[in-house]
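Numbering starts at 1 and runs along the sequence shown. Please read all numbers here as calculations on a predicted model, not as lab measurements.
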Amino acid sequence: MWWLLLVPYLLAGVVVVYSYIQWTRRKMYSMLATMSGPKTLPVIGHAHEFYNVTPEGLADTLRYFGSFPSPVCIHMGPLPHVGVFDPESVQAVLNSQHCLQKSHQYSFLWIPHTIIASPVHMWKSQRKALNPSFGPSILGSFVPIFNNKCIVLMNILQQHVGKPERDFTRDIMKCTLDQIYETAFECEFNMQQSPDGDKSMDLFESFMALLAERLFTIWMYPDFIYRWTKTYRDQKKCLSAYYNTVVAKIERHVDMDKRINATSNASNSDKPPNYIDCLSKYLRSQGPTPREDILAHLCLMVFAGNETTAKTVNAALLLLAMHPEIQERCYKEIVSVCPGENEYISAEDAAKLTYLEMVIKESMRLFPVAAIMARVTSSDVKINDHQTIPKDTRIIIGTFQIHRDPKIWGPNAEQFDPDHFLPENVAGRHPYSFIPFSGGPRNCMGIRYAWLSMKIMLAFVLRQYRLSTSVKYDELRVAYGVLLSISNGCPLTIEKRADISSRMLVSLLTLFVCLLILALVIVNFLNTLHTKYAFAKNLPSVTRTDESVLKLLWRLVCTSDVGKFNRVVEAFSLPYRLWKVWLGPVVCLGVCHPDLVQIVLTHPDCLEKPFFYRFIRINRGLLVAEADLWKRLRKTLNSAFNLRILHGFIPIFETCCQRMIDDLQRIPEGETFDVMPYTARCTLEMVFETSLGTGCLPPTESDCLIRHIKRFFNIASNRFLNVHLHYESVFKLTQRSKKEAESLEYCNTVASQLLAEKRLKMSQSKTTDDEYEKPRIFVDQLLRLGNSFSETDIIHNIFTMIIAGNDTSGQLMAYACLFLGMYPDHQQKVYTEINDLIPRHHSEPISPDKLKCLTYTDMFLNECLRLCPTAPNILRQNMAPIVLDQTNIPAGNILAISIFAYHRRKDIWGPDADQFDPNRFSAERSVGRHPYAFLPFSGGSRNCIGWRYAMISMKLMLVYLLREFEVKTDIRYEDMTFRFNAALVLAGKHLVRLERRM
């Protein structure tokens with residue numbers, strides 16, 4: 001028992017060593033003391049918590065430490081560790097330049113000088129050299145390889161359809177292995193169908209099992225002890241066999257010696273460099289390299305790319321098998337992008353599989369292959385305002401615990417729910433709450449490679465097979481090792497989707513018959529169209545020779561409103577007198593020459609408006625009514641717009657103009673604002689008080705009415721070029737239909753209230769015989785002949801007057817304000833003329849004669865109307881055959897005139913047709929101009945009934961505006977763009993500034 005005498009000395013030695021460590025590390029321990037954690041035992045610290053822990057039990061141990069506030073101090077004997085379990089601390093650690101060193105355990109992989117485990121100084125040069133092998137330029141070239149290997153996997157899975165449940169882990173791993181061999185090394189070994197595949201897997205699994213044994217046996221950590229163990233000898237033997245078979249085979253195939261000793265740095269200038277190209281270049285730059293290191297670099301790619309990707313795919317498949325509703329949603333997304341059974345999935349297709357990507361992310365959240373990451377600090381690292389991790393401390397990053405933290409992921413953090421990765425959910429989370437590929441500068445180099453390969457493989461499997469499993473989600477267990485794995489494996493039962501239902505054949509036959517019938521209908525329809533439109537065969541087309549009709553229609557439908565407007569103007573600017581364009585199944589004839597325009601607008605058989613106007617929903621109103629009804633209405637209402645009545649409106653116009661000026665006075669001088677709401681409100685008040693004979697609406701109701709009018713005008717305009725919306729049955733299914741109904745209901749309510757108010761006034765007033773002979777205003781004329789017109793006729797015409805009177809005058813006045821601001825010289829001329837005839841303090845009512853004397857003001861307004869006609873397009877339909885340019889046009893065709901383009905034709909208005917110049921309307925310059933060259937209010941018998949009303953009201957608005965203000969704007973004429981609409985609508989706002997005149 002002599003050795004008992006040594007015990008006191010041994011104990012004394014332990015105390016001395018322990019005291020020495022405590023003393024020399026007192027600064028470190030003082031920093032660590034600020035961190036949380038369970039109580040420690042003398043000497044061993046927390047080592048007892050890890051004693052005899054199993055790969056399956058390590059999760060519970062780490063969860064215990066993760067229950068303390070992060071960071072957590074963990075003492076493993078004399079070696080202090082810091083456990084980090086919160087995103088903020090993880091971000092600080094992974095982004096620190098002093099936390100780039102990997103811990104000692106990474107050397108257990110036997111690849112110490114590779115990028116995964118190398119010291120920081122080596123890692124930096126390796127990362128720089130190998131980065132191009134995973135760049136976007138080369139990933140695209142890998143896609144065919146991923147697809148081909150997945151097709152082989154599908155054939156293997158086919159052999160197990162309908163058979164008992166089976167673990168497919170190894171099949172998935174061999175597929176990823178094949179992908180890596182060909183993408184990284186250009187080796188086509190076909191491991192999925194070769195016996196070498198299983199041998200390779202056996203060696204790899206044996207090596208990983210021995211490695212896990214060392215990881216969970218702490219006394220094996222020191223190399224000088226480990227080298228004496230049987231585990232070391234078995235692992236070395238296993239690794240040697242792996243090197244001499246699989247890795248050596250790669251080495252021979254790529255001819256590493258030749259690559260490394262090559263004098264040129266470029267292996268192939270025609271393609272981006274892959275992994276073996278970049279590795280060869282790196283090793284060449286390092287000088288002579290031991291063969292063991294070369295083999296280690298080759299082995300690294302196999303380990304890093306194969307094991308990680310395969311485990312994630314296995315986890316995703318197993319989870320989808322447990323959640324059939326999520327599996328079906330993935331399937332529907334996949335077949336919507338690439339429905340063919342073995343159809344290649346491109347990188348662009350993979351990018352569209354957004355829900356599948358959410359599933360993969362959720363799988364990696366619950367089962368991250370790198371469940372623990374370990375770093376060593378090279379200097380003190382401050383992770384927050386109160387805590388610093390000292391130098392030479394080992395840091396444990398608990399990815400598994402962070403990914404399942406209820407404080408981050410909510411109460412169902414332990415459940416499989418891809419909606420965790422909806423954009424709105426991701427936006428509210430810390431970026432380092434999800435780190436499956438690590439983070440910071442030393443993150444995984446092959447992130448994009450992994451995403452692309454996993455998405456393509458999962459898409460192939462789910463597109464062809466339906467998965468199920470007997471394993472329940474609550475039964476899943478994880479095992480820690482070098483990588484996290486699911487202890488249950490990947491047991492699946494697979495069912496071929498094509499065999500799910502025999503009714504698919506019946507469905508296909510039914511579809512075929514339906515398509516055949518549809519084809520016959522289309523052929524008959526096209527034959528009818530060909531016969532109907534044979535007359536237009538020789539007319540020029542505005543469709544480019546290289547552009548199909550469908551492509552033109554697609555451009556009109558899918559471009560912006562500004563693009564649509566420009567497209568129409570472009571067509572009407574071509575040097576043709578008469579041309580054609582197809583709008584779906586309808587031919588539209590463009591009329592561009594004044595002679596032809598005059599024929600169309602004055603022809604008694606061209607009074608009909610085409611069906612497009614029905615979209616405005618006031619079919620019984622003067623603007624849209626069919627020809628027979630229009631004739632009755634026009635005859636009845638003409639007298640309501642004679643000069644005698646219009647001159648009587650001038651005092652009302654002046655009152656409305658003064659209210660507009662009062663509103664403008666409230667705007668701070670020099671402030672930029674949109675003038676359109678003010679001009680629109682003013683013209684709306686004029687319409688109410690004159691043509692409708694009622695009081696004006698309150699400002700809020702007036703603005704609301706204007707918004708609803710604009711809304712349904714926009715909807716009607718949108719339907720014009722969207723051929724599918726021409727059909728009411730289709731249009732009623734859209735959201736626009738609901739909005740249109742809301743606006744129409746509001747406007748009809750206003751019109752009905754006005755009508756009721758007017759009828760009440762008429763019933764209360766006595767009418768003499770003499771008054772029947774007097775001319776009446778618009779609404780009085782309709783009501784006097786109430787027996788001739790229905791209630792709908794009257795409401796539609798009230799509505800028409802509100803729209804036409806407000807939209808034309810209000811829009812034009814807003815454009816006039818812009819032109820005043822753009823051209824101060826012309827503004828000064830208009831102001832001088834107004835001030836000379838009707839000075840600012842002129843107390844008498846403005847007489848019609850004085851308005852008539854405002855000749856330059858007339859010219860200015862005409863130029864505004866020329867460049868900005870409020871109705872930019874006119875459409876007519878011939879009710880009987882007519883002849884234009886010796887072309888016999890059958891009845892029922894649509895004739896289009898673009899007033900906007902027509903007013904800018906250089907052959908009519910001269911080389912400066914695009915410029916603003918009121919003098920072009922002077923008497924001398926107007927001589928010789930075609931009478932139908934200027935059509936701001938249309939022309940012929942169906943022209944605008946209220947054009948004189950509009951001109952008088954706009955003149956008065958200009959008088960009142962310019963007597964009080966000088967108008968300025970920052971908008972330039974050349975910057976004005978317009979949106980396609982029934983009226984001419986500026987793409988932006990009518991922004992002006994007002995300066996008060998002295």
Side-chain angles (χ1 to χ4, degrees), residues 643 646-647 649-658 660-661 664 675-676 678-680 682-683 686 690 805 808-870 903 909 915-926 929 934-937 944 946-969 973 990 992 994-997:
L643 283 175
L646 295 180
H647 291 164
F649 288 161
I650 290 178
I652 299 174
F653 289 158
E654 289 196 71
T655 301
C656 295
C657 289
Q658 187 57 55
M660 179 185 74
I661 297 302
L664 293 175
V675 74
M676 178 65 186
Y678 296 90
T679 59
C682 179
T683 55
M686 290 177 177
T690 57
T808 53
S809 303
Q811 287 269 15
L812 180 61
M813 194 58 204
Y815 287 120
C817 288
L818 288 181
F819 285 123
L820 288 171
M822 292 175 191
Y823 301 99
D825 291 344
H826 294 304
Q827 179 178 182
Q828 183 60 38
K829 288 181 181 179
V830 175
Y831 169 69
T832 301
E833 181 182 67
I834 291 171
N835 196 48
D836 288 344
L837 289 170
I838 315 169
R840 183 177 182 182
H841 300 294
H842 183 78
S843 58
E844 299 177 3
I846 299 175
S847 67
D849 292 334
K850 287 190 176 179
L851 285 178
K852 190 175 180 181
C853 293
L854 296 175
T855 54
Y856 192 80
T857 304
D858 263 329
M859 292 161 55
F860 178 85
L861 286 173
N862 282 338
E863 183 68 351
C864 294
L865 282 164
R866 184 183 73 86
L867 291 176
C868 295
T870 53
H903 281 182
W909 297 94
Q915 303 303 312
F916 184 83
D917 182 10
N919 292 311
R920 71 177 76 250
F921 285 96
S922 63
E924 56 272 18
R925 290 181 61 178
S926 297
R929 188 177 294 147
F934 182 55
L935 299 169
F937 299 102
C944 175
W947 69 271
R948 284 181 296 217
Y949 177 104
M951 292 301 294
I952 292 173
S953 64
M954 288 187 294
K955 267 189 181 181
L956 285 166
M957 291 171 76
L958 269 183
V959 168
Y960 272 78
L961 179 70
L962 290 181
R963 288 194 310 186
E964 295 293 331
F965 302 105
E966 182 180 354
V967 184
K968 295 187 176 182
T969 184
Y973 171 67
H990 303 75
V992 299
L994 300 179
E995 291 186 6
R996 293 178 177 82
R997 296 185 186 275

To the nearest 0.5 angstrom, please state how far the [atom1] atom of [X] sits from the [atom2] atom of [Y].
X      : Y      : atom1 : atom2 : result
His647 : Lys852 : NE2   : NZ    : 8.5 Å
Ile661 : Met957 : CD1   : CE    : 8.5 Å
Leu958 : Leu861 : CG    : CG    : 5.0 Å
Ile838 : Leu854 : CD1   : CG    : 5.0 Å
Leu837 : Thr832 : CG    : OG1   : 11.0 Å
Leu818 : Leu867 : CG    : CG    : 12.0 Å

Practice prompt. Could you tell me whether Arg920 sits above the aromatic face of Trp909, with NZ or CZ closer than 6.0 angstrom to the six-membered ring centre and within 45 degrees of the axis?
Written response: no
Geometric cation-pi criterion Arg948 and Phe937, 6.0 Å radius, 45° cone
no
**OP:** Indicate whether the side chain of Tyr960 and that of Glu654 have a donor and an acceptor atom separated by less than 3.5 Å.
**Re:** yes
Is there a side-chain contact between [X] and [Y], using heavy atoms and a 4.5 Å cut-off?
X      : Y      : value
Pro845 : Ile650 : no
Leu664 : Tyr678 : yes
Val959 : Lys850 : no
Tyr831 : Leu820 : no
Ser953 : Thr683 : no
Asp858 : Met951 : yes
Leu962 : Val967 : yes

Is the backbone N or O of [Y] less than 3.5 Å from a side-chain atom of [X], with the two atoms forming a donor-acceptor pair by type?
X      : Y      : value
Glu995 : Lys968 : no
His903 : Leu935 : yes
Thr679 : Met676 : yes
Lys829 : Tyr856 : no

Classify the angle between the aromatic ring planes of Phe819 and Tyr823 as parallel (below 30°), tilted (30 to 60°) or perpendicular (above 60°). parallel
task = Check step by step if salt bridge (Lys or Arg N to Asp or Glu O under 4.0 Å) holds for Glu964 and Arg996.
result = CA-CA 6 Å; Glu964 295 293 331; Arg996 293 178 177 82; over 6 Å; no
I would like to know whether Met686 and Tyr949 meet side chain to side chain contact (heavy atoms under 4.5 Å, CB included); could you show each step before the answer?
CA-CA 10 Å; Met686 290 177 177; Tyr949 177 104; 3.8 Å; yes
Please find out if less than 6.0 Å separates the ring center of Phe916 from that of Phe860. yes
So which heavy atom on [X] is nearest to which on [Y], and how close?
X      : Y      : result
Thr855 : Glu833 : N-OE2, 3.1 Å
Cys682 : Cys656 : SG-O, 3.6 Å
Glu863 : Gln915 : OE2-O, 3.2 Å
Arg997 : Glu966 : NH2-CA, 3.7 Å
Leu994 : Phe965 : CB-CD2, 3.8 Å
Thr969 : Gly821 : CG2-C, 3.6 Å

